[in-house]
Novice: 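Let me give you the structure first, and then I'll get to my questions.
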Amino acid sequence: QVLLVESGGGLVQAGGSLRLSCAASGRTFSNYVRGWFRQAPGKEREFVAAIGWSAASTYYADSVKGRFTISRDNANDTVTLQMNDLKPEDSAVYYCAAGRRVAVPFTTTAFDYWGQGTQVTVSL
């Protein structure tokens with residue numbers, strides 16, 4: 001069974017930081033594009049960040065540029081999202097994803113595998 005499992009979510013005050021991790025099992029994703037999406041209540045799932053298989057290319061939504069950093073460790077098949085200077089509008093369930101043939105713009109349909117999500121709540 002192929003699994004992507006997120007961890008690291010929680011409650012943080014505005015201006016704080018969280019680090020999300022996504023571990024893979026069941027297959028290797030070292031040659032997949034890895035991404036993070038988020039979904040707030042009543043809203044559609046939106047792109048947050050993505051990283052190419054070699055980690056040479058990273059992509060960010062405008063809303064998180066300069067605050068979030070995506071990275072990957074292909075040896076351990078994990079991807080992380082470092083989130084700094086968090087704002088209440090960053091509150092959402094965060095999902096990691098993996099896709100083989102993914103290109104800009106990063107849509108949910110382009111990713112083949114998804115985790116179950118981890119809740120991030122940012123309070124004032």
Side-chain angles (χ1 to χ4, degrees):
Q1 185 180 6
V2 177
L3 290 176
L4 293 175
V5 180
E6 302 95 339
S7 62
L11 173 64
V12 65
Q13 287 188 325
S17 299
L18 282 174
R19 185 178 179 88
L20 304 183
S21 294
C22 178
S25 64
R27 67 162 300 137
T28 180
F29 290 100
S30 59
N31 58 343
Y32 279 59
V33 173
R34 304 290 293 274
W36 288 93
F37 287 73
R38 66 187 181 187
Q39 188 167 18
K43 294 188 177 181
E44 292 189 353
R45 193 170 298 189
E46 64 174 4
F47 168 74
V48 175
I51 186 166
W53 66 270
S54 70
S57 300
T58 56
Y59 309 86
Y60 298 93
D62 288 342
S63 59
V64 306
K65 275 181 185 174
R67 300 187 298 122
F68 291 11
T69 303
I70 188 170
S71 60
R72 66 188 296 164
D73 178 355
N74 283 340
N76 293 304
D77 222 353
T78 59
V79 62
T80 60
L81 185 68
Q82 178 66 43
M83 306 186 294
N84 298 328
D85 190 23
L86 284 160
K87 305 175 181 181
E89 51 264 41
D90 294 318
S91 297
V93 177
Y94 283 70
Y95 298 89
C96 71
R100 190 70 184 272
R101 295 178 178 84
V102 178
V104 177
F106 296 101
T107 62
T108 56
T109 55
F111 288 82
D112 306 303
Y113 298 93
W114 291 86
Q116 292 299 305
T118 185
Q119 177 71 47
V120 171
T121 304
V122 184
S123 64
L124 287 170

Novice: If only side-chain N and O atoms count, and only distance matters, is there a donor-acceptor pair under 3.5 Å linking S17 with N84?
Specialist: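 The criterion, which ignores hydrogens and geometry beyond distance, is satisfied for S17 and N84.
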Novice: Indicate, with yes or no, if V79 and V64 share a hydrophobic cluster defined by side-chain heavy-atom contacts under 4.5 Å among Ile, Leu, Val, Met, Phe, Trp and Tyr.
Specialist: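 Yes; tracing contacts between hydrophobic side chains, which count when under 4.5 Å, links both residues.
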Novice: In Å, rounded to the nearest 0.5 Å, how long is the span from CE of M83 to OG1 of T69?
Specialist: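 With rounding to 0.5 Å, CE (M83) is 11.0 Å from OG1 (T69).
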Novice: Between R72 (side chain only) and G52 (backbone N and O only), is there a donor and an acceptor less than 3.5 Å apart?
Specialist: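 At least one qualifying donor-acceptor pair exists.
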Novice: Can a donor-acceptor pair be found, under 3.5 Å and without considering hydrogens, that links the side chain of N76 to the backbone of T78?
Specialist: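 No; judged by distance alone, with no hydrogens or angles, the pair does not exist.
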Novice: Mind listing the closest non-hydrogen atom pair of A110 and V102 along with its distance?
Specialist: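 Looks like O-CG2, 3.4 Å.
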Novice: So, for D112 and G99, which heavy atoms are closest and what is the spacing to 0.1 Å?
Specialist: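 Minimum heavy-atom contact is OD2-CA, 3.6 Å.
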Novice: A side-chain contact here means heavy atoms from C-beta on lying under 4.5 Å apart; do F47 and W36 qualify?
Specialist: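 A side-chain contact under 4.5 Å is absent here.
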Novice: With salt bridge (Lys or Arg N to Asp or Glu O under 4.0 Å) as the criterion, how do D77 and R34 come out once you've worked through the C-alpha distance, each side chain's angles and the decisive distance to 0.1 Å?
Specialist: CA-CA 10 Å; D77 222 353; R34 304 290 293 274; 3.5 Å; yes
Novice: I'd like to know if D90 pairs up with R67 as an ion pair, taking the criterion as any Lys NZ or Arg NE/NH1/NH2 lying under 4.0 Å from an Asp or Glu carboxylate oxygen.
Specialist: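 Answer for the salt bridge query: yes.
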Novice: Quick one: closest heavy-atom pair of N31 and T28, and the distance?
Specialist: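 Heavy-atom minimum between the residues: OD1-O, 4.4 Å.
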Novice: With rounding to the nearest 0.5 Å, note down the distance linking CD in Q1 to CZ in R27.
Specialist: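 The CD atom of Q1 sits 14.0 Å away from the CZ atom of R27.
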Novice: Looking at residues at least two apart in the chain, or sitting in another chain, which of them share a ring-ring contact (aromatic ring centres under 6.0 Å, His included) with F29?
Specialist: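 Residues passing ring-ring contact (aromatic ring centres under 6.0 Å, His included) with F29: Y32, Y113.
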Novice: Would you indicate whether the side-chain heavy atoms of L20 and T118 approach each other to under 4.5 Å?
Specialist: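 When only atoms from C-beta onward are counted, L20 and T118 do touch, with a gap below 4.5 Å.
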Novice: Applying the side-chain hydrogen bond (donor to acceptor under 3.5 Å, both in side chains) criterion to T80, which one of S21, S71, S7 satisfies it?
Specialist: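 The side-chain hydrogen bond (donor to acceptor under 3.5 Å, both in side chains) with T80 is passed solely by S71 among S21, S71, S7.
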Novice: Examine distances only and state if a side-chain atom of S91 and a backbone atom of T121 form a donor-acceptor pair shorter than 3.5 Å.
Specialist: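 Between the backbone of T121 and the side chain of S91 there is no qualifying donor-acceptor contact (under 3.5 Å).
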Novice: So does E89 have more than 12 non-hydrogen atoms from other groups sitting under 6.0 Å from CD?
Specialist: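 Atom CD in E89 is packed in, count exceeds 12.
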Novice: Could you state whether F111 and Y59 fall into the same hydrophobic cluster, counting links through intermediate Ile, Leu, Val, Met, Phe, Trp or Tyr residues with side-chain heavy atoms under 4.5 angstrom apart?
Specialist: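 Same cluster: F111 reaches Y59 through Ile, Leu, Val, Met, Phe, Trp or Tyr contacts under 4.5 Å.
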Novice: For Q119, does the CD atom sit with more than 12 other heavy atoms under 6.0 Å from it, leaving out its own atoms?
Specialist: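 Atom CD in Q119 is packed in, count exceeds 12.
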Novice: State the CG-OH distance between L18 and Y94, to the nearest 0.5 angstrom.
Specialist: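 OH of Y94 is found 9.0 Å from CG of L18.
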Novice: Measure from the ring center of F37 to the ring center of Y95 and say whether it is less than 6.0 Å.
Specialist: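 Ring-ring flag for F37/Y95: false, centres at least 6.0 Å apart.
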Novice: Are V48 and F68 close enough, and set up right, to give a side chain to side chain contact (heavy atoms under 4.5 Å, CB included), and what steps lead you there?
Specialist: CA-CA 9 Å; V48 175; F68 291 11; 3.7 Å; yes
Novice: To the nearest 0.5 Å, what is the distance between SG (C22) and CD1 (I70)?
Specialist: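 Rounded to the nearest 0.5 Å, the SG-CD1 separation comes out at 9.5 Å.
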Novice: Using the side chain to side chain contact (heavy atoms under 4.5 Å, CB included) rule, take R38 and V120 through it: C-alpha gap first, then chi angles, then the decisive distance, then the call.
Specialist: CA-CA 9 Å; R38 66 187 181 187; V120 171; over 6 Å; no
Novice: Do V104 and V33 land in one hydrophobic cluster if side-chain heavy atoms of ILVMFWY residues count as linked below 4.5 Å?
Specialist: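 Both belong to a single hydrophobic cluster.
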Novice: Treating E6 as the side-chain partner and C96 as the backbone partner, does any N or O pair qualify as donor plus acceptor under 3.5 Å?
Specialist: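 Yes: the side chain of E6 pairs with the backbone of C96.
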Novice: Could you check whether any side-chain N or O of N74 sits under 3.5 Å from a backbone N or O of W53, counting only pairs where one atom can act as donor and the other as acceptor?
Specialist: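 Yes, because the side chain of N74 sits within donor-acceptor range (under 3.5 Å) of the backbone of W53.
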Novice: Closest approach of A98 and L4, non-hydrogen atoms and distance?
Specialist: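 It is N-CD1, 4.0 Å.
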